[in-house]
Amino acid sequence: MASTTTREYTTAATTRLARTRALSIGGAVIAAVAVWIIAVPLLGLHLIVRFGNGSPETVGVDFVVGASLIASLVGWGLLAMLERRTSRACTIWTAIAIAVLLVSLSLPLTAGTTASTKAVLAMMHVAAAAVLIPGLRGDLRPRA
């Protein structure tokens with residue numbers, strides 16, 4: 001009987017954790033899009049980036065959704081892999097996630113063509129990370 005109870009708890013906790021993490025990914029995308037909505041349609045800013053010697057490109061909501069979704073899913077995949085390989089997965093993943101956030105901030109600083117573009121793109125990165133990092137860490141403790 002104990003194995004059934006343990007299995008039911010594990011299944012329920014795993015399902016709850018997966019749901020929390022999926023919602024966190026959605027929340028990270030929404031956070032980045034919210035920054036874009038405030039900056040572009042509401043404030044009238046034009047987010048223009050240039051990579052190297054390439055031509056300037058406008059950052060549209062489609063790019064914001066795609067980039068934040070892909071980065072979030074990669075983060076979840078890395079966490080899932082670490083959870084299978086080490087008992088310190090959460091700590092290792094959090095350190096990696098913060099390091100990736102810091103490195104990712106170099107992209108707006110180098111590719112943004114104006115100070116306002118650089119600031120808005122940096123805010124998008126921070127907003128998405130602020131939702132994603134605590135959300136993917138999750139919580140497997142039983143609920144009372």
Side-chain angles (χ1 to χ4, degrees), residues 1-51 56-144:
M1 187 74 127
S3 64
T4 304
T5 304
T6 302
R7 196 171 104 210
E8 287 174 5
Y9 166 73
T10 302
T11 302
T14 302
T15 301
R16 183 171 29 94
L17 183 62
R19 183 178 56 244
T20 299
R21 289 179 174 175
L23 289 171
S24 298
I25 288 175
V29 172
I30 290 169
V33 169
V35 172
W36 184 90
I37 288 171
I38 292 168
V40 178
L42 294 179
L43 297 178
L45 298 176
H46 298 284
L47 303 181
I48 309 292
V49 294
R50 180 184 307 213
F51 298 100
E57 298 177 37
T58 300
V59 177
V61 72
D62 55 339
F63 182 77
V64 174
V65 169
S68 57
L69 181 61
I70 290 168
S72 296
L73 290 171
V74 168
W76 189 358
L78 175 62
L79 179 56
M81 182 196 69
L82 287 170
E83 286 174 334
R84 288 185 183 96
R85 297 176 186 247
T86 179
S87 62
R88 297 182 35 106
C90 196
T91 303
I92 294 168
W93 181 85
T94 301
I96 291 170
I98 291 169
V100 167
L101 169 62
L102 295 174
V103 170
S104 79
L105 290 174
S106 68
L107 183 64
L109 298 177
T110 58
T113 57
T114 65
S116 60
T117 294
K118 292 176 184 187
V120 169
L121 292 176
M123 282 188 276
M124 283 183 205
H125 285 235
V126 172
V131 173
L132 188 68
I133 292 172
L136 286 186
R137 286 175 51 95
D139 186 2
L140 281 174
R141 289 176 291 174
R143 291 189 175 176

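For clarity, every value in this text was computed on a predicted model and none was experimentally measured.
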Enquirer: Considering all heavy atoms of both residues, which atom of L101 and which atom of H125 are nearest to each other, and what is their separation?
Expert: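 Smallest interatomic distance, heavy atoms only, reads CD1-O, 3.7 Å.
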Enquirer: Got a donor-acceptor contact below 3.5 angstrom from the W36 side chain to the L47 backbone?
Expert: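 Absent.
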Enquirer: Considering all heavy atoms of both residues, which atom of R137 and which atom of R21 are nearest to each other, and what is their separation?
Expert: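 Scanning both residues completely, I find the closest heavy atoms to be O-NH2, 3.6 Å.
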Enquirer: Short question: side chain of T117, backbone of G112 - any donor-acceptor pair under 3.5 Å?
Expert: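 Not at all, since once roles are kept as given, no pair shorter than 3.5 Å links the two residues.
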Enquirer: Taking all non-hydrogen atoms of both residues, which atom of S24 and which atom of L136 are closest, and how far apart?
Expert: OG-N, 4.0 Å
Enquirer: Which atoms form the tightest heavy-atom contact between L43 and A39, and what is the distance?
Expert: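 Minimum heavy-atom separation between L43 and A39: CB-O, 3.4 Å.
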Enquirer: Hey, what do you get for CG (L107) to NZ (K118), rounding to the nearest 0.5 Å?
Expert: 11.5 Å
Enquirer: Could you go through the side-chain contact (heavy atoms from CB on, under 4.5 Å) check for I48 and T114 one step at a time?
Expert: CA-CA 8 Å; I48 309 292; T114 65; over 6 Å; no
Enquirer: For A32 and A128, work out which heavy atoms get closest and say how close.
Expert: CB-CB, 4.4 Å
Enquirer: Please round to the nearest 0.5 Å and tell me the distance separating atom CG of L45 and atom CD1 of I38.
Expert: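 Reported value, rounded in 0.5 Å steps: 11.0 Å.
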Enquirer: Out of curiosity, M124 CE to S104 OG, how far, rounded to the nearest 0.5 Å?
Expert: 12.5 Å
Enquirer: Determine whether a donor-acceptor pair (N or O, by modelled atom type, separation under 3.5 Å) exists between the side chain of S72 and the backbone of S68.
Expert: yes
Enquirer: Shortest non-hydrogen contact from T20 to G135?
Expert: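 Closest heavy-atom pair between T20 and G135: CG2-O, 3.9 Å.
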Enquirer: Side chain of T58, backbone of G60: donor and acceptor closer than 3.5 Å?
Expert: no
Enquirer: Is any side-chain heavy atom of I37 closer than 4.5 Å to one of V61?
Expert: no
Enquirer: Does G75 offer a backbone N or O that forms a donor-acceptor pair with the side chain of W93 under 3.5 Å?
Expert: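 Here the side-chain-to-backbone pair exists.
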Enquirer: If you measure from CZ on R88 to OG1 on T94, what distance do you get to the nearest 0.5 Å?
Expert: 10.5 Å
Enquirer: Using 0.5 Å steps for rounding, measure from the OG atom of S87 to the CD1 atom of I92.
Expert: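 Going from the OG atom of S87 to the CD1 atom of I92 covers 8.0 Å.
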Enquirer: For the CG atom of L78 and the CD1 atom of I96, what is their distance to the nearest 0.5 Å?
Expert: 5.0 Å
Enquirer: Side chains of V49 and T113: closer than 4.5 Å at any heavy-atom pair?
Expert: no
